[in-house]
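Note that the numbering runs from 1 along the sequence shown for the chain.
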Amino acid sequence: IFALQDGTEIVLAVQNQTEWAALCSTVVRRYELTDDPRFATNEARIANVDELEAILRQSLGSASATIVRSRLARARIAFASVNDPSALWEHEQLRARDRFVATEIPTGHTTTYRAPFNIDGLGEATPVVPALGAHDPDLLAELERRAAARPDS
């Protein structure tokens, strides 16, 4: 995760040597890093990750978010914004994909995220948040049953 000049954060993924060269030239504009023995191969980058990340933090942190995102897109390097919980809640893709569901809570109803997967043929569960202690009698009964069934009892 790298902080940009405006304080927003991104995560990026360099997946091959072509992308590494594009990151060096197009994004951070440190051409000499491409063939630097400390970073020239994926194995070398992993072995020197702390040093590499320090260089990237300095380069990315001194550029505007607009410029960094534009350069990453031009270089065809996978990246994404790191969202805080409220920004995630407001994310346009969650709205576009209808990823919210009405949920019962002890004081009424609210909205929560849908389960992250859909299974064909299974209906959607109606989420319920139980009241504090609502399951205590059942849990205590189960614990007593298990204790009574143990051979050393």
Side-chain angles (χ1 to χ4, degrees), residues 1-24 26-30 39 42 45-153:
I1 296 175
F2 299 97
L4 306 178
Q5 191 177 50
D6 68 351
T8 61
E9 294 178 319
I10 61 166
V11 61
L12 59 91
V14 171
Q15 301 173 70
N16 56 50
Q17 286 302 109
T18 302
E19 288 184 7
W20 168 245
L23 180 71
C24 295
T26 304
V27 181
V28 299
R29 303 210 168 160
R30 297 277 307 269
F39 314 122
N42 188 55
R45 290 189 289 277
I46 291 169
N48 296 291
V49 69
D50 293 337
E51 192 174 358
L52 174 58
E53 286 185 352
I55 292 168
L56 293 177
R57 283 188 209 307
Q58 189 280 324
S59 294
L60 296 170
S62 64
S64 77
T66 302
I67 288 172
V68 171
R69 287 185 175 99
S70 173
R71 289 176 181 173
L72 284 163
R74 196 167 350 122
R76 301 180 54 89
I77 295 173
F79 71 96
S81 296
V82 176
N83 294 315
D84 64 21
S86 61
L88 177 63
W89 185 256
E90 297 300 329
H91 197 282
E92 63 194 40
Q93 282 301 307
L94 292 175
R95 304 243 172 259
R97 294 175 177 266
D98 191 28
R99 299 310 305 164
F100 299 96
V101 63
T103 302
E104 293 180 43
I105 60 174
T107 57
H109 291 84
T110 192
T111 302
T112 60
Y113 296 116
R114 280 189 200 287
F117 50 84
N118 302 320
I119 299 174
D120 289 340
L122 292 181
E124 184 171 27
T126 303
V128 176
V129 176
L132 185 62
H135 295 141
D136 287 0
D138 293 337
L139 291 171
L140 290 172
E142 175 66 16
L143 290 173
E144 289 173 0
R145 184 190 66 73
R146 289 182 184 197
R150 282 196 339 225
D152 60 345
S153 297

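Glu144 pairs by the side chain to side chain donor-acceptor pair (under 3.5 Å) definition with nothing, not counting sequence neighbours. Remark: Arg99 engages no residue in a salt bridge (charged side-chain N to carboxylate O under 4.0 Å, His left out) (not counting sequence neighbours). Residues forming a side-chain contact (heavy atoms from CB on, under 4.5 Å) with Ala80 (at least two apart in sequence, or on another chain): Val11.
Within 6.0 Å of the CG atom in Leu140, the count of heavy atoms belonging to other residues, nucleotides or ligands exceeds 12.
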For residues 57-69, run the donor-acceptor check on the side chains, cut-off 3.5 Å, and write out each pair with its distance to 0.1 Å, sequence neighbours left out.
| from | atom 1 | to | atom 2 | distance (Å) |
| --- | --- | --- | --- | --- |
| Arg57 | NH1 | Ile1 | O | 2.7 |
| Arg57 | NH2 | Glu53 | OE1 | 3.4 |
| Ser59 | OG | Ile55 | O | 3.3 |
| Ser62 | OG | Gln58 | O | 3.2 |
| Ser62 | OG | Ser59 | O | 3.1 |
| Ser64 | OG | Ile67 | N | 3.1 |
| Arg69 | NH2 | Ser81 | OG | 3.2 |

For residues 88-95, tabulate all N or O donor-acceptor pairs below 3.5 Å that involve a side-chain atom, not counting sequence neighbours.
| from | atom 1 | to | atom 2 | distance (Å) |
| --- | --- | --- | --- | --- |
| His91 | ND1 | Gln93 | N | 3.0 |
| Gln93 | OE1 | Arg97 | NE | 3.2 |
| Arg95 | NH2 | Trp89 | O | 3.0 |

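The nearest pair of heavy atoms linking Pro127 to Ala102 is CD-O, 3.6 Å. Ala134 and Pro130 get closest at one heavy-atom pair: CB-CB, 4.0 Å. Summarising the geometry of Arg45 relative to Phe39, their closest heavy-atom pair is NH1-O, 2.7 Å, with the distance given to 0.1 Å. When all heavy atoms of Ile77 and Ala13 are compared, the closest pair comes out as CG2-O, 3.6 Å.
Legend: side-chain hydrogen bond (donor to acceptor under 3.5 Å, both in side chains) pairs involving residues 3-15, not counting sequence neighbours, sorted by first then second residue: Asp6-Thr8.
The structure places OG1 of Thr110 at 11.0 Å from CZ of Phe100, a figure rounded to the nearest 0.5 Å. Between the CD atom of Glu104 and the OG1 atom of Thr107 there is a distance of 11.0 Å, given to the nearest 0.5 Å. Here CG of Leu72 is found 10.0 Å from CD of Glu19. Values are rounded to the nearest 0.5 Å.
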Next item on the list: Show the numbers, then the answer: is there a side chain to side chain contact (heavy atoms under 4.5 Å, CB included) between Leu12 and Val27?
Entry: CA-CA 11 Å; Leu12 59 91; Val27 181; 5.9 Å; no
